[in-house]
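Chain identifiers are assigned alphabetically (A, B, ...) following the order of the sequence lines, protein sequences preceding nucleic acid strands; residue numbering begins at 1 within each chain.
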Amino acid sequence: MRVSQFPLSTLRETPADAEVISHQLMLRSGMIRRTASGLYTWMPLGVRVLRKVEAIVREEMNRAGAIELLMPAIQPAELWQESGRWVQYGPELLRLKDRHGRDFCVGPTHEEIITDLMRKELSSYKQLPVNYYQIQTKFRDEVRPRFGVMRSREFIMKDAYSFHLTPESLVETYQGMYDAYVRIFQRLGLNFRPVAADNGSIGGTGSHEFHVLAESGEDDIAFSDSSDYAANIEMAEAVAPRANLAAPTEIMREVHTPNTKTIQALVDTFKLPVEKTVKTLIVAASDQVEADFVALLVRGDHELNEIKAEKQPEVEAPLRFATEEEIRAIMGAGPGSLGPVNAPIPVIIDRSVAVMSDFGAGANKEDYHYFGINWNRDLPMPRVADLRKVKVGDPSPDGKGQLGIVCGIEVGHVFQLGKKYSDAMNATVLDENGKAQTMYMGCYGIGITRVVAAAIEQNNDEFGIRWPKAMAPFQLVVAPVNMKKSQAVADAAEYLYKQLRDAGYDVLLDDRDMRLGAMFADHELIGIPHRLVVSERGLQAGELEYKARSGGDAEKVAPDDVLEFLRAHV
RNA sequence: CGGGGUAUAGCGCAGUCUGGUAGCGCGCCUGUUUUGGGUACAGGAUGUCGGGAGUUCGAAUCUCUCUACCCCGACCA
């Protein structure tokens with residue numbers, strides 16, 4: 001491709017309303033233009049990247065045995081009413097009427113359509129399992145679209161749906177999709193993690209999110225520094241400390257602690273190590289217990305994980321913290337003076353608290369703490385549970401290495417749906433006994449457009465985008481110096497361009513009459529991984545100049561050796 | 001949906017308080033110049049000042065209203 005025939009609409013200045021780096025760079029490099037809130041036009045440069053991602057996804061889906069089809073973007077309300085989601089989905093579902101007044105929606109996902117299709121197409125277990133996918137534009141009417149195509153309303157998604165007679169078959173396909181996803185993101189050249197995810201209300205046996213790791217990610221991921229373990233921070237288990245409960249060495253005593261309402265104050269004023277302090281949090285109780293409230297204890301330097309707290313049978317879901325008035329009424333003291341000793345309500349303690357000895361906590365008496373508290377001596381050991389958020393440096397739950405925490409951008413999701421939709425929509429096949437069996441389903445999504453943004457989020461520098469090679473809109477660029485003035489340079493550049501194209505490279509010839517610096521700035525902004533400079537000076541010395549976008553010094557290459565050189569570098 | 005903000009040339013912004021000829025930088029066009037990191041000089045084009053209504057001799061500027069967009073929050077299989 002010649003730049004003179006390709007719209008390279010780069011921007012020198014950063015548009016004011018772009019917040020995150022990928023959004024800024026996509027606008028500046030001319031990959032996308034905003035059409036309306038959450039709606040973007042993909043410019044030719046951006047489309048080239050999209051197509052490269054799609055091609056890899058398609059290849060790997062095909063390799064994994066999935067079959068491509070294409071379903072309508074506009075879907076009839078009847079199917080959504082049948083699954084129950086017409087009511088359930090809320091305003092994110094864009095609804096519309098046709099000229100006859102019939103209800104439709106713009107598909108945010110395609111479970112209904114595929115389930116309807118499959119119940120008509122499939123009649124026998126012998127036809128199973130099947131796995132169909134499509135790459136298609138979807139629409140979710142986000143409350144607040146932001147970050148460019150990272151959280152847009154219209155987006156391109158690869159979605160796949162599998163159907164099975166048995167859960168075992170579902171698990172097998174699920175694993176196949178999981179493996180395919182790993183290959184896809186590896187081939188794309190992204191730093192990613194499969195992350196154990198919550199199944200939410202659907203239940204079922206398994207769900208993994210695939211996250212691209214980047215500083216601007218919206219989700220916090222806990223990962224092991226020496227194994228594959230990764231989980232959403234809400235899900236990550238804080239493993240029980242290995243240490244046993246140490247024997248008491250102090251007696252329990254009541255201490256007057258005025259103006260000591262925070263852990264920090266306790267540590268500063270009374271020189272108590274923070275590991276010897278506990279936080280006492282009062283939350284509303286469920287009907288499982290007689291009391292109205294429950295006290296949750298975590299170590300002073302730990303934070304409560306609200307999801308874990310909510311899962312305790314004694315705790316009301318959704319989690320609700322007691323107000324200060326409620327706390328005073330029930331505990332007889334305000335926040336900052338609370339503790340487990342003589343607590344009038346049930347107490348649940350975190351695993352780390354269970355191994356603490358000689359520790360300090362509020363006395364449930366205003367401005368007093370107990371120091372030197374010991375379980376089993378001063379009070380019975382309460383119920384122990386995993387209550388806290390994991391933190392950096394915690395041991396990994398799989399026993400290998402330590403946890404780090406990074407931000408992730410969710411770009412893929414594999415999900416064992418089970419029978420949620422097939423039940424609701426009566427999608428059955430006959431088994432070998434001639435009995436109708438509801439099929440098990442799985443669904444597997446990849447946000448194609450989001451992958452593009454996530455890749456930039458992860459791969460950029462002060463000059464612009466640094467595409468992984470599989471995603472770059474062009475593999476290499478030929479930059480002639482003064483092509484319009486020097487016939488020798490023009491000839492050499494044209495020859496090189498032809499030579500590279502014939503060799504199968506996706507190459508861009510920058511035939512604009514521009515200063516070299518400006519050209520370079522463009523090439524770096526749009527992130528072309530490899531650059532070859534043709535100059536009068538170089539030609540006289542019998543050399544071209546090669547430089548990689550990823551860094552390193554420029555190298556001289558003889559024109560005759562260029563193909564061989566590129567085979568080794570590109 | 002709640003709170004805050006913005007809207008002036010393709011992009012980034014000033015001008016609005018205190019009403020009086022529509023501005024700057026970058027980009028764009030023409031020419032000369034320069035040619036290994038956004039060259040310099042000269043000339044030029046481009047605006048319903050987001051829309052509507054009002055006040056006024058006169059509105060980008062004051063008032064009312066509508067719209068769009070951005071940020072924070074809530075929401076999010």
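Across all strands shown, B/rC13 is found opposite B/rG23 as a Watson-Crick or G-U wobble partner, with both distances under 3.5 Å. Pairing of B/rC41, defined by two Watson-Crick or G-U wobble distances under 3.5 Å, is identified with B/rG31. Base-pair partner of B/rC64: B/rG52 (Watson-Crick or G-U wobble, both distances under 3.5 Å). Across all strands shown, nothing is found opposite B/rG58 as a Watson-Crick or G-U wobble partner with both distances under 3.5 Å. In this structure, B/rC1 forms a base pair with B/rG73, meeting either the Watson-Crick or the G-U wobble geometry with both donor-acceptor distances under 3.5 Å.
Residue contacts for A/Arg531: at a heavy-atom cut-off of 4.0 Å it reaches a base atom on one of the strands shown. Using a 4.0 Å heavy-atom criterion, one finds that A/Glu545 contacts the bases of the nucleic acid, with or without backbone contacts as well. Counting non-hydrogen atoms under 4.0 angstrom, A/Asp17 reaches the backbone sugars and phosphates but no base. No engagement by A/Arg33 is indicated, since no non-hydrogen atom pair under 4.0 Å with the nucleic acid exists. Residue A/Gln88 is classed as having no contact, given no heavy-atom separation below 4.0 Å to the nucleic acid. Nucleic acid contact class of A/Ser37 (heavy atoms, under 4.0 Å, all strands): sugar-phosphate only.
Using a cutoff of 4.0 Å between basic side-chain nitrogens and carboxylate oxygens, A/Arg119 and A/Asp116 are scored as salt-bridged. Using a cut-off of 4.0 Å between Lys/Arg side-chain N and Asp/Glu carboxylate O, A/Arg183 and A/Asp179 are scored as not salt-bridged.
With C1' as the reference atom, B/rG38 and B/rA22 are 29 Å apart, rounded to whole Å. Comparing the P positions of B/rG12 and B/rA53 gives an interatomic distance of 29 Å, to the nearest angstrom. For the C1' atoms, the distance from B/rC64 to B/rC1 is 25 Å, rounded to whole Å. The gap from the C1' atom of B/rC69 to that of B/rG31 amounts to 41 Å, rounded to the nearest Å. B/rG54 and B/rA60 have their P atoms separated by 15 Å, with the value rounded to a whole Å. Going from the C1' atom of B/rU65 to that of B/rU18 covers 25 Å, rounded to whole Å. For the C1' atom pair drawn from B/rA74 and B/rG3, the interatomic distance equals 11 Å after rounding to whole Å. For B/rU46 and B/rC28, the C1' atoms lie 9 Å apart once the distance is rounded to whole Å.
Between the C1' atom of B/rC28 and the CZ atom of A/Arg512 lies a distance of 14 Å, rounded to the nearest Å. Going from atom NZ of A/Lys484 over to atom C1' of B/rU34 covers 17 Å, rounded to whole Å. The interatomic distance linking A/Gln540 (CD) with B/rG36 (C1') rounds to 14 Å, in whole Å. Taking atom NZ of A/Lys547 as the reference point, atom C1' of B/rG36 lies 13 Å away to the nearest angstrom. We find that CD of A/Gln24 is positioned 12 Å from P of B/rG12, with the value rounded to whole Å. To the nearest angstrom, P of B/rC28 lies 12 Å from CG of A/Asp513. Counting to the nearest Å, the P atom of B/rA77 and the CD1 atom of A/Ile113 are 21 Å from each other. With rounding to whole Å, A/Glu142 atom CD is found 14 Å from B/rA74 atom C1'.
A donor and an acceptor atom never sit less than 3.5 Å apart when one is taken from the side chain of A/Arg146 and the other from the base of B/rC69. If you check distances only, the side chain of A/Glu13 does reach the base of B/rG25 with a donor-acceptor pair under 3.5 Å. In the interface, the side chain of A/Glu536 is not paired with the base of B/rG36 through any donor and acceptor atom under 3.5 Å apart. For A/Glu410 and B/rA77, a side-chain-to-base donor-acceptor distance below 3.5 Å is present, hydrogens and geometry of angles not being considered.
Atom CD of A/Glu564 sits in a sparse spot, with 12 or fewer heavy atoms from other residues, nucleotides or ligands closer than 6.0 Å. Within 6.0 Å of atom NZ in A/Lys498, 12 or fewer heavy atoms from other residues, nucleotides or ligands are found, so the atom counts as exposed in its surroundings.
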Does the protein touch nucleotides 38-50 of chain B at the base, only the backbone, or not at all? Give it as B, S and - per nucleotide, heavy atoms under 4.0 Å.
BB-----------

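Put simply, A/Thr14 has no side-chain N or O that comes within less than 4.0 Å of OP1 or OP2 on B/rG12.
The side chain of A/Phe520 has B/rG37 as its nearest neighbour among B/rA77, B/rU34, B/rG37. Closest approach to the A/His413 side chain among B/rU35, B/rA77, B/rC13 is made by B/rA77 (side chain taken as heavy atoms from C-beta onward). Considering only the side chain of A/Glu524, B/rG37 comes nearest among B/rG36, B/rG37, B/rU34. Which of B/rC13, B/rC69, B/rG36 sits closest to the side chain of A/Ala36 comes down to B/rC69.
Below 30°, between 30° and 60°, or above 60°: for A/Tyr40 and A/His23 the angle between ring planes is above 60°, a perpendicular geometry. Classification of the A/His413-A/Phe415 ring pair by plane angle, with boundaries at 30° and 60°, yields tilted.
Nearest-nucleotide assignment on RNA chain B puts the 5′-proximal partner with A/Ser535, out of A/Ala18 and A/Ser535. Across the interface with RNA chain B, nearest-nucleotide mapping of A/Gly38 and A/Tyr89 shows A/Gly38 to be the residue nearer the 5′ end.
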Apply the test salt bridge (charged side-chain N to carboxylate O under 4.0 Å, His left out) to residues A/Glu68 and A/Lys158: give CA-CA distance (whole Å), side-chain angles for both, the deciding distance (0.1 Å), then the verdict.
CA-CA 10 Å; A/Glu68 185 166 7; A/Lys158 185 287 300 174; over 6 Å; no

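A/Tyr444 and A/Ser162 share a side-chain donor-acceptor pair at under 3.5 Å. Counted by atom type alone, A/Tyr421 and A/Arg85 present one or more donor-acceptor pairs between their side chains at under 3.5 Å.
The salt bridge (charged side-chain N to carboxylate O under 4.0 Å, His left out) test with A/Glu524 is passed by exactly one of A/Arg549, A/Lys547, A/Arg531: A/Arg531.
Under a cutoff of 6.0 Å and an axis angle of 45°, A/Lys97 and A/Phe104 do not form a cation-pi pair.
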